[in-house]
Amino acid sequence: MSSGEEKLLKISKIKEGTVIDHIPAGKALKVLSVLRIDRGCNHTVSIGINIKSKKLNHKDVVKIESRFLEKNELDKISLVAPDATISIIRDYEIYEKFRVELPDSVVGIINCNNQNCITNSGEPVPPEFKVKSKKPLVLTCVYCERNMGEGEVHSLL
């Protein structure tokens, strides 16, 4: 394989939008799900799954044309892919690049899985969790103190 062939892009560039890179291999579809892109989207979306990576061995990449993410969407991504990087693209070039950051507190993104928690009783109380551990992911409900691990959190997203 010549060096020209090695540099061939597996997913084409986008003119404007967001690139989510360094997603753990196999998690791209979950990222699309938490962004609700799987439920009718008017944007062109490119997905690379199981791409070779020097840093992660294998990774997933998502490119969303003409869409820029909100803070709460970045928080959701951080729960699924805590080491993901976000690139804001303008006129085919990287305008801004940063890593998602898991916040210390997660508010209104997921519900507590304890049916007896006040957040599940019909009271106007938004679900709130403190991040007890980032690796492995463990969230603690501030109301009932129930701990939830990564698998439980991902099933609620």
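We number each residue from 1, following the sequence as shown. All of these numbers come straight from a predicted model, not from anything done at the bench. Atoms considered below: every heavy atom in the structure, side chains included; atoms not considered: hydrogens, waters and symmetry mates.
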- [ ] Look up atom CD1 in I86 and atom CD in E73, then write down how far apart they are to the nearest 0.5 Å.
- [x] 10.0 Å

Task: Note, I20 side chain near L69 side chain (heavy atom, < 4.5 Å) - done: yes

Solution key, residues 136-148 side-chain donor-acceptor pairs under 3.5 Å, sequence neighbours excluded:
| residue | atom | partner | partner atom | Å |
| --- | --- | --- | --- | --- |
| T140 | OG1 | N147 | OD1 | 2.5 |

Open item on the list: Is there a path of hydrophobic side-chain contacts, each under 4.5 Å between heavy atoms, that joins F129 and V125?
Closed with: no

Open item on the list: I77 and side chain to side chain contact (heavy atoms under 4.5 Å, CB included): which single residue from L35, L157, N72 fits?
Closed with: L35

Indicate every side-chain donor-acceptor pair of residues 88-113 with a distance under 3.5 Å to a residue at least two apart or in another chain.
| residue | atom | partner | partner atom | Å |
| --- | --- | --- | --- | --- |
| R99 | NH1 | D83 | O | 2.7 |
| S105 | OG | E128 | OE2 | 3.1 |
| N113 | ND2 | E152 | OE2 | 2.9 |

Task: I37 vs V62 side-chain heavy atoms within contact, under 4.5 Å - done: no

Open item on the list: Going by side chain to side chain contact (heavy atoms under 4.5 Å, CB included), name the residues that satisfy it together with H58, two or more places apart in sequence or in a different chain.
Closed with: A25, N50, K52

Open item on the list: My understanding is that only residues two or more places apart in sequence, or in another chain, count here; which of them pass side chain to side chain donor-acceptor pair (under 3.5 Å) with S53?
Closed with: none

TODO: Nearest 0.5 Å please: distance from the CD atom of E65 over to the OG atom of S12.
DONE: 8.0 Å

Open item on the list: Show every salt bridge (Lys or Arg N to Asp or Glu O under 4.0 Å) that has at least one partner inside residues 25-35, sequence neighbours left out.
Closed with: K27-E150

- [ ] Just jot down the side chain to side chain donor-acceptor pair (under 3.5 Å) partners of K76, sequence neighbours excluded, or say none.
- [x] none

Open item on the list: Run the side chain to side chain contact (heavy atoms under 4.5 Å, CB included) test against Q115 and tell me which residues pass, sequence neighbours left out.
Closed with: none

Task: S46: partners by side chain to side chain contact (heavy atoms under 4.5 Å, CB included), with sequence neighbours left out - done: I11, K63

Task: More than 12 heavy atoms from other groups under 6.0 Å of NZ on K134 - done: yes

Task: Side-chain (D60) to main-chain (I47) donor-acceptor, under 3.5 angstrom - done: no

- [ ] Examine distances only and state if a side-chain atom of T18 and a backbone atom of I64 form a donor-acceptor pair shorter than 3.5 Å.
- [x] no

Task: Qualifying residues under side chain to side chain contact (heavy atoms under 4.5 Å, CB included), relative to S121, sequence neighbours excluded - done: I118, E123

